[in-house]
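Keep in mind that the numbers below use all heavy atoms, side chains included, and drop hydrogens, waters and symmetry copies. Predicted model only: the values in this text are computed from it and were never measured.
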Amino acid sequence: MSHHYSGPDFGFPRGDARLDFTDLYAFPKPGNASKSILVMNVHPSAVVNPPGPTTAEPFAPEALYEFKIDRDGDAVADIAYRVRFSVSQDGSQTATLRRVEGAEAAGKGEGGQVIVASAPISTGQDARVTEAGEYRFFAGWRSDPFFFDVQGMLNHQQFTGHDFFADKNVCSIVLEVPNTDLATKRVRLWACTLVGAVEDWVQTDRGALPAQAVFLVGTEREAYLSGEPADDGRFVSVFAHSLEHIGGYTPEGARRAALSLLPDVMSYDPTRPASFPSNGRTLTDDAGDAFVAVLTNGRVTEDKVGPHSDLLPEFPYVGPPHKAA
């Protein structure tokens, strides 16, 4: 799986599915290479174990949802897009999008320049899109674009091609931003969720590369999800241990593989076509296969599941939600 459910034997962050980060995508805007599309998916509509739905409200009003962007390669955020949600008297939600730079982007808080205010949240089939200058914004329930044979993965990579996510929904936050906001060269991206504490914000989930926060962190899960990419060197030995056990790596090979997965950031050059894992990630890239190949040291290279057919050719690109959910 990607980060869905924070692992097959774990609950959601703080027991709240709305705080659960699942996937990150970044790719050039189709038909306009001067802009990029950033997608953060959170709050899966269903639980694997025990099976069942989560909650109907898309986003947690007490939370922050952030895209983090490192422009100089030190795994510390230089830019952040922050989204905060509110609830109206009729129960509908709206969103405020802010942008921050410099030391504030690396910190925790809800300040920043307001780009979008009071954007309506989508809960039905129609995508409610907000435009503000060079930006576009969407947030709401969508068909989950992640595709993977979950049960096959949990059965020692004995894949049958059954896509657990084919009829599942997820909550998407989609941004269209000018590339001048990012950089004219390669950047590194990740996403995180935070909740307000008495005197500060506390990070509850984070990531960029799929599945490793589920299968490779071992007993260090809480420390990993609350950590920063710049400090991910402390998890190399944890990852290596898991890779030795699951993939049959030698100690040296396991360490090399762990170093290729850390820090947990996504490399993205907005001037080049996107293709996971080398450059960003599109909604059809088979990130599950890429992870399985690393996890098993090349012993298994595919789960026999392909991309979904309900994606949109235009913003917000993620398909409409399944009605059953």
Side-chain angles (χ1 to χ4, degrees), residues 1-4 21-30 33 36-41 67-71 73-75 77 144-150 153 157 159 163 165 179 182-183 185-192 205-217 224 229-230 232-233 235-236 238-240 242-243 246-247 249 253-308 311 317-318:
M1 295 179 286
S2 50
H3 290 195
H4 291 75
F21 163 71
T22 68
D23 286 287
L24 177 67
Y25 303 85
F27 52 91
K29 178 182 178 180
S36 288
I37 307 299
L38 308 180
V39 181
M40 178 200 313
N41 284 340
F67 294 91
K68 297 277 198 176
I69 300 156
D70 164 31
R71 301 180 75 172
D74 62 358
D144 195 339
F146 187 63
F147 49 98
F148 198 63
D149 179 357
V150 171
M153 183 67 169
Q157 299 88 50
F159 295 115
D163 184 4
F165 300 96
N179 287 340
L182 305 177
K185 58 181 181 179
R186 187 171 297 277
V187 296
R188 300 203 283 183
L189 313 170
W190 65 99
C192 60
D205 205 350
R206 60 101 176 190
L209 305 180
Q212 56 194 47
V214 177
F215 293 103
L216 297 179
V217 297
Y224 185 84
D232 276 351
F235 299 111
V236 170
V238 177
F239 273 41
S242 296
L243 289 166
I246 300 172
Y249 282 84
R255 181 174 175 80
R256 286 194 300 270
L259 288 170
S260 74
L261 299 173
L262 294 169
D264 188 356
V265 295
M266 179 182 294
S267 178
Y268 174 58
D269 182 345
T271 68
R272 297 176 49 234
S275 179
F276 186 85
S278 61
N279 191 51
R281 179 182 176 188
T282 73
L283 297 170
T284 58
D285 283 339
D286 203 331
D289 281 0
F291 177 74
V292 166
V294 173
L295 182 70
T296 65
N297 197 12
R299 177 174 53 83
V300 181
T301 58
E302 62 176 353
D303 69 339
K304 305 176 184 178
V305 175
H308 296 166
L311 301 174
Y317 304 101
V318 192

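- Applying the ring-ring contact (aromatic ring centres under 6.0 Å, His included) criterion to F276, with sequence neighbours excluded, gives no partner residue.
- Y25 has its ring centre no less than 6.0 Å from the ring centre of F146.
- The minimum heavy-atom distance between P28 and Y268, with the atom names listed, is N-OH, 3.2 Å.
- Using a 4.5 Å cut-off on side-chain heavy atoms (C-beta onward), M153 and D303 make no contact.
- Listed here is the closest heavy atom pair of S278 and R186: O-NH1, 3.4 Å.
- Scored by the side-chain contact (heavy atoms from CB on, under 4.5 Å) test, T282 finds F27, A274, T284, D285 as partners (sequence neighbours excluded).
- F147 places none of its side-chain heavy atoms less than 4.5 Å from the side chain of D289.
- Contacts of V265 classified as side-chain contact (heavy atoms from CB on, under 4.5 Å), with partners at least two apart in sequence or in another chain: R188, W190, P229, P263.
- Between the side chain of D163 and the backbone N or O of F148, at least one donor-acceptor pair lies under 3.5 Å.
- Remark: side-chain polar atoms of D23 are not paired, donor with acceptor, to backbone N or O of P210 under 3.5 angstrom.
- Side-chain atoms of N41 and P145, non-hydrogen and from C-beta on, do get closer than 4.5 Å to each other.
- In this structure, A293 and Y249 approach most closely via the heavy-atom pair O-OH, 4.5 Å.
- Here the OG1 atom belonging to T271 is positioned 11.5 Å from the CG atom belonging to L182, to the nearest 0.5 angstrom.
- F165 places a side-chain heavy atom less than 4.5 Å from the side chain of H308.
- R255 has its side chain within reach of V236: a pair of non-hydrogen atoms, C-beta onward, lies under 4.5 Å apart.
- The structure places NZ of K68 at 12.5 Å from CG of L189, a figure rounded to the nearest 0.5 Å.
- If you take CG on L243 and CZ on R256, they are separated by 12.0 Å, rounding to the nearest 0.5 Å.
- Between the side chain of Q157 and the backbone N or O of V300, no donor-acceptor pair lies under 3.5 Å.
- Taking both residues in full, the closest heavy atoms of R206 and C192 are given as CB-CB, 3.8 Å, listed atom of the first, atom of the second, then distance.
- Using cut-offs of 30° and 60° for the angle between ring planes, the Y224 and F239 rings count as tilted.
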Q) Hey, mind stepping through V39 and Y317 against side chain to side chain contact (heavy atoms under 4.5 Å, CB included) and telling me if it holds? A) CA-CA 9 Å; V39 181; Y317 304 101; over 6 Å; no

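- Rounding to the nearest 0.5 angstrom, the gap separating the CG atom in N279 from the OG atom in S267 is 6.0 Å.
- A donor-acceptor distance shorter than 3.5 angstrom exists from the side chain of D264 to the backbone of L209, with no hydrogens or angles considered.
- Side-chain atoms of F291 and L216, non-hydrogen and from C-beta on, do get closer than 4.5 Å to each other.
- Taking each heavy atom of V318 and L311 in turn, the nearest pair found is CA-CD2, 4.4 Å.
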